[in-house]
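I have placed the structure first, in the form of structure tokens, so that the comments after it can refer back to it.
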Number of protein chains: 2
Amino acid sequence: MSESSGGETLLFLTDEQLRQGIEAVFFAYQSFTADPDRILATMAYGRAHHRAIHFINRAPGTTVNNLLAILGVTKQSLNRVLRSLVEDELVEARVGKVDKRERHLYLTEKGEALERKLSDAQRARMRSAYRAAGPQAVAGFRTVLEAMMDPEMRRRYLSLKESGI
Amino acid sequence: MSESSGGETLLFLTDEQLRQGIEAVFFAYQSFTADPDRILATMAYGRAHHRAIHFINRAPGTTVNNLLAILGVTKQSLNRVLRSLVEDELVEARVGKVDKRERHLYLTEKGEALERKLSDAQRARMRSAYRAAGPQAVAGFRTVLEAMMDPEMRRRYLSLKESGI
DNA sequence: CTTGGAATGTCAACAAGACTGACTTAAACT
DNA sequence: AGTTTAAGTCAGTCTTGTTGACATTCCAAG
């Protein structure tokens, strides 16, 4: 009922379609985090540890400040996570040679092993979803995700994307 | 370097491609929740309240148990949220006529107003992303998201999708 | 050279929101 | 009458976010 396709010029952009998109993102994201969450729950870690490990692996030697900017949390919040990872010898924090205030972060072998375990699970899900959907759908998927990002997020995303080639 | 396209038969499924997909989901989801989060932060509410409001609006008269199943949280967790929403007169919990043990949940006018405010923000983002990406990309986006969901999540998603037609 | 400010990171305390487990109440079913 | 189901409650824990205060280091202006 109501003005379903009232103000929209493009037919596929009804409120109902948009709402379904929102719900799809919600449910997909829950599934997306479920695999690593299950693994992390067996240890004393959570999603925050996963994120830190992921991005340290992605950009080894990154500083705490750098990581902060990517994750978008406060330094105090990240610090707690980082501390436990360093204590458990998954991450090494080396004092900067040029600037001694900085800490450069690296995964240890143990840290790399966990990273692989977590990302394997997540990649397996992405791989099977990508396979099932086909290359054209994947391209569209990526296009919409990038369009959804805030300029600031997109900047972070693209900087990683380029560094990873 | 390393075995970039070593074990994959399909070229577009390199580990690097999958990793970029994972990061895209991460950054897009952050942006996706940012708008409602900003609005909610001004009140004493959080994301949990938003989710409850969203699904009550989506399926008015739903029972607590029903909502529990959709959200995938414990009743203790949902109860805390629901209690504050009822106290603040955003949600009404009516005793069931057929089964008096059940509480049927409805948004009040005040609740509907907040729901609209929150979903307007989120829909605006989706709309502009969809517009920018084009219909074909949107179709692909939806296809991949559905393929990413656990069977259980997909079941929940589809049941809502159908009820919303 | 020194001193004051800026940048980087750490510690402590608190709040939201998730969880488990144990329990109560009321209603419905058998 | 006894069991199951729906909802709600109380207590305690964990993760992860927040602010505020503080230490260390660097750098630049006087």
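Scope of the values below: all heavy atoms of this structure, side chains included, with no hydrogens, waters or symmetry mates. Residue numbers begin at 1 in each chain, while the letters A, B, ... track the order of the sequences.
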| request: Measure from CD on A:Q76 to P on C:dC14 and round the result to the nearest Å. | output: 16 Å
| said: Please report the distance, rounded to the nearest Å, between CG in A:D99 and P in D:dT25. | reply: 11 Å
| request: Give a yes or no on whether a salt bridge exists between B:K110 and B:E112, defined as a side-chain N under 4.0 angstrom from a carboxylate O. | output: no
| task | Remember a base hit wins even if backbone is also touched, and classify B:G72 as base, sugar-phosphate or nothing at under 4.0 Å, heavy atoms. | result | sugar-phosphate
| remark: Between CG of B:L40 and P of C:dA15 the distance, given in whole Å, is 20 Å
| query | Are side-chain heavy atoms of A:K161 and A:E146 found at a separation under 4.5 Å? | reply | yes
| field | Side-chain heavy atoms of A:H50 within contact of A:E115, under 4.5 Å | value | no
| remark: To the nearest angstrom, the NE2-P distance between A:H50 and D:dG17 comes to 14 Å
| query | Is it true that B:D120 and B:R123 have a side-chain N and a carboxylate O under 4.0 angstrom from each other? | reply | yes
| Is the shortest side-chain N/O distance from A:R51 to OP1 or OP2 of D:dG17 below 4.0 Å? | yes
| request: Take atom CG of A:L78 and atom P of D:dT19, then tell me their distance rounded to the nearest Å. | output: 15 Å
| message | Between B:N65 and D:dA7, is there a contact of a side-chain N or O with OP1 or OP2 at under 4.0 Å? | response | yes
| message | Is there a side-chain contact between A:R83 and the phosphate of C:dA12, meaning an N or O under 4.0 Å from OP1 or OP2? | response | no
| query | Would you say a side-chain N or O of B:N79 is under 4.0 Å from OP1 or OP2 of D:dG8? | reply | yes
| query | Base, sugar-phosphate, or nothing for B:R47, non-hydrogen atoms under 4.0 angstrom? | reply | sugar-phosphate
| task | Indicate, with a heavy-atom threshold strictly under 4.0 Å, whether A:K75 touches base, sugar-phosphate, or nothing. | result | base
| message | Rounding to an integer number of Å, can you tell me how far B:L82 CG sits from C:dA16 P? | response | 17 Å
| Quick one: is C:dC19 close enough that its OP1 or OP2 comes under 4.0 Å of any side-chain N or O from B:T74? | yes
| task | Check whether any side-chain N or O of B:S77 sits under 4.0 Å from OP1 or OP2 of C:dG17, and answer yes or no. | result | no
| remark: DNA chain D nearest-nucleotide lookup for A:A44 and A:G96: closer to the 5′ end is A:A44
| request: Go through the side-chain N and O atoms of B:E23 and A:H54 and say whether any donor and acceptor fall under 3.5 Å apart. | output: yes
| Is there a donor and acceptor pair, one atom on the side chain of B:R80 and one on the base of C:dA16, closer than 3.5 Å? | no
| request: Check whether any side-chain N or O of A:H49 sits under 4.0 Å from OP1 or OP2 of D:dT16, and answer yes or no. | output: yes
| field | Whole-Å distance separating the NZ atom of A:K97 from the C1' atom of C:dT8 | value | 19 Å
| query | Reckon B:V98 touches a base, only the sugar-phosphate, or nothing at all at heavy-atom distances under 4.0 Å? | reply | sugar-phosphate
| query | Looking at D:dT5, does its base get a donor-acceptor pair with the side chain of B:R101 below 3.5 Å? | reply | yes
| query | Roughly how many Å is it from CE in A:M43 to P in D:dT15, rounded to a whole number? | reply | 13 Å
| For A:S31, does its backbone N or O pair with a side-chain atom of A:R125 as donor and acceptor, under 3.5 Å? | yes
